[in-house]
Amino acid sequence: MAWESKAQLVLLVLLIGAMINFFVGTFIRTDEKTAQGFYSYNYEILKFNMMPHYLEGENFFSVFSVFFPAATGIMAGANISGDLKNPSDAIPKGTLLAVGISTLTYCLFAFQAGATTLLGATGNLTQMGTLTDNFLNASNCVFGGTDYSVDGQCKYGLLYSFSAMSMMSGYKHIITIGIFAATLSSALASLVSAPKVFQAVCKDNLFPYIGWFAKGYGSNNEPWRAYALALAIAAAFVCIAELNAIAPIITNFFLISYTLINYSCFEASFSNSPGWRPSYKYYNTWVSLFGSLLCAAVMFITSWWTALITVIIIYALYRYIQYRKPAVNWGSSKQALKYNNALDLVHEVSGLSYHVKNFRPQFLVLSGAPSSRPRLVNFMSDISKGYGVMMCGQIIRDKYKVDQYMSENHILIANKIKAFHVPISAPTFRIGVRNLLQTNGLGVIKANTVILGYKHSWSKEAPHLVDEYVGIIKDAFDHHYAVGVLRYEGKLDEKFLPEDDITMFGVDAEVPVSNAQSKDDLEEGRRRFCFF
């Protein structure tokens, strides 16, 4: 949407014109403006207005929740990062400049309004009395001993009039143009950013029934369907026609967004992920955490029940995504944090001294591809129960085909088998096993027991193959491993069955049972398991 950038420039010119008009107007005093509480710059008015004077039922946070949406454009640059030539440089500079200029402008406007205008006024110059009486009683709208706050007679001043800035300005209609320009500017920024973020969510298929909005149009892949949805939602809120009712809701959702964004930055830094390299030299990990906690605290202080509902909705969405486990890999900081924790624990365990009471069998199962010998893998999983290391070793003669078996780990995970698939290339099976015996595991987390299948066809095999089989057992003993041999007859129940027959180079390879086989056909056979 190239026209959006050009439109923003036009709106910026209108905004600057409205700001100049307001600044000039604060020096122009007329009887009409005085009747509405305007006295131009006055130290006594400024001193009185510096103190809080909330109406009944209002406080700092109720006012904050209405004002906060005016400062929510901080993510505009990040939301359109894909359209920027150099986002790593443009986003920090643009965001900080925008925040700085906006903060300075708001503070200046607040100072000008507080130094020139009373909190309340009737609009009748004869009722107002002297200036000294006025600013002392303006917050209660009591002038000359008469209370004008009843029956809506007090409808001017900073507390009671929504058009106080128009009254203070040089020409009020220019302020109206500025209000429309500011509104359209914010609306355009949201129209460009929000639909694109929503389009990305739809493309990832995180939630059902929203994939229709993922379609893009044109060379820039514009999400016109998402634009239409954003327009419909905006129109619905406009129909409410009550800014004070809408603003707290918007504030709440912006605050939860900033809470999660700040926490994401903190977690990415805390996990020491190599992919997280903030280029801004003043970035600090703990400032991100403080910002996250501050946003969460303000959210609950502003409106605890709205905040509670928001948190419940966000948590429900998170749990739903966690339950669905979509096939999307974002390279999240959670993955990096898990890796760091696991690595720290491995280092910690490596420093522990061995004691016989803590011994547990840890298996190196010579299964080949786990999907090709599910009976052996399944049986050993039942024995280990996930309380010890279990590695499924596979020897591959062709060194260029190791990558073809990487999906075996996913098969183990899908069938809830707590084991690791370890493929290794070697010229012979015995050499491959010997390499596994020497290199398996990490620190003290390594196998201490070798498991292999019984060689039923030993009497029919070539002598060198039988010698290789016996040699594997000898090598295991030489490397101080226990050895287990599983011999079974008939068929065993299987937790998983491969979709395709996978050829395995190893001992006693078998053809997997067909998926079409019924449970009744999987009869329990006789098992013989021997340890040496």
Original post:
Would you say the side-chain atoms of Glu461 and Tyr469 include a donor-acceptor pair closer than 3.5 Å?
Top reply: no
Subject >> Ile417 backbone acceptor or donor facing Asn415 side chain under 3.5 Å >> reply: no
**OP:** Would you confirm whether Arg225, through its side chain, and Trp212, through its main-chain N or O, come within 3.5 Å as a donor-acceptor pair?
**Re:** yes
**OP:** Mind running side-chain contact (heavy atoms from CB on, under 4.5 Å) on Tyr387 and Arg360 for me, showing each step along the way?
**Re:** CA-CA 8 Å; Tyr387 297 123; Arg360 63 184 67 199; 3.9 Å; yes
**OP:** Please confirm whether the backbone N or O of Ser288 pairs with a side-chain atom of Ser292, one donor and one acceptor, at under 3.5 Å?
**Re:** no
Original post:
How are the rings of Phe266 and Phe270 set to each other: parallel, tilted or perpendicular (split at 30° and 60°)?
Top reply: parallel
Original post:
When you measure from the side chain of Thr439 to the backbone N and O of Asn435, does any donor-acceptor pair fall under 3.5 Å?
Top reply: yes
Subject >> Check: Gly388 main-chain N/O paired with Gln362 side-chain donor or acceptor under 3.5 Å >> reply: no
Subject >> Under 3.5 Å side-chain donor-acceptor pair for Ser269 and Tyr283 >> reply: yes
Original post:
Between Asn409 and His421, is there a donor-acceptor pair closer than 3.5 Å when you use the side chain of the first and the backbone of the second?
Top reply: yes
Original post:
Would you say the side-chain atoms of Glu408 and Ser371 include a donor-acceptor pair closer than 3.5 Å?
Top reply: yes
**OP:** Any pair with a residue in residues 418-430 that passes salt bridge (Lys or Arg N to Asp or Glu O under 4.0 Å), sequence neighbours left out, goes on the list, sorted by first then second residue, please.
**Re:** Arg430-Asp475
**OP:** Under the ring-ring contact (aromatic ring centres under 6.0 Å, His included) rule, collect the residues that match up with Tyr318, sequence neighbours excluded.
**Re:** none
Subject >> Side-chain heavy atoms of Met391 within contact of Val365, under 4.5 Å >> reply: no
Original post:
Under a 4.5 Å cut-off applied to non-hydrogen side-chain atoms, are Asn262 and Cys295 in contact?
Top reply: yes
**OP:** Using atom types as modelled and distance alone, determine if a side-chain donor or acceptor of Asn448 lies under 3.5 Å from a backbone N or O of Tyr481.
**Re:** no
**OP:** Taking Asn378 for its side chain and Pro374 for its backbone only, find out whether a donor-acceptor pair lies under 3.5 Å.
**Re:** no
**OP:** Verify whether one side chain among Asn252 and Thr306 offers a donor that lies under 3.5 Å from an acceptor in the other.
**Re:** no
Original post:
Any salt bridge (Lys or Arg N to Asp or Glu O under 4.0 Å) pairs touching residues 286-302, not counting sequence neighbours?
Top reply: none
Subject >> Phe213 and its ring pair (Phe, Tyr, Trp, His ring centres under 6.0 Å) partner, picked from Phe198, Phe207, Trp224 >> reply: Phe198
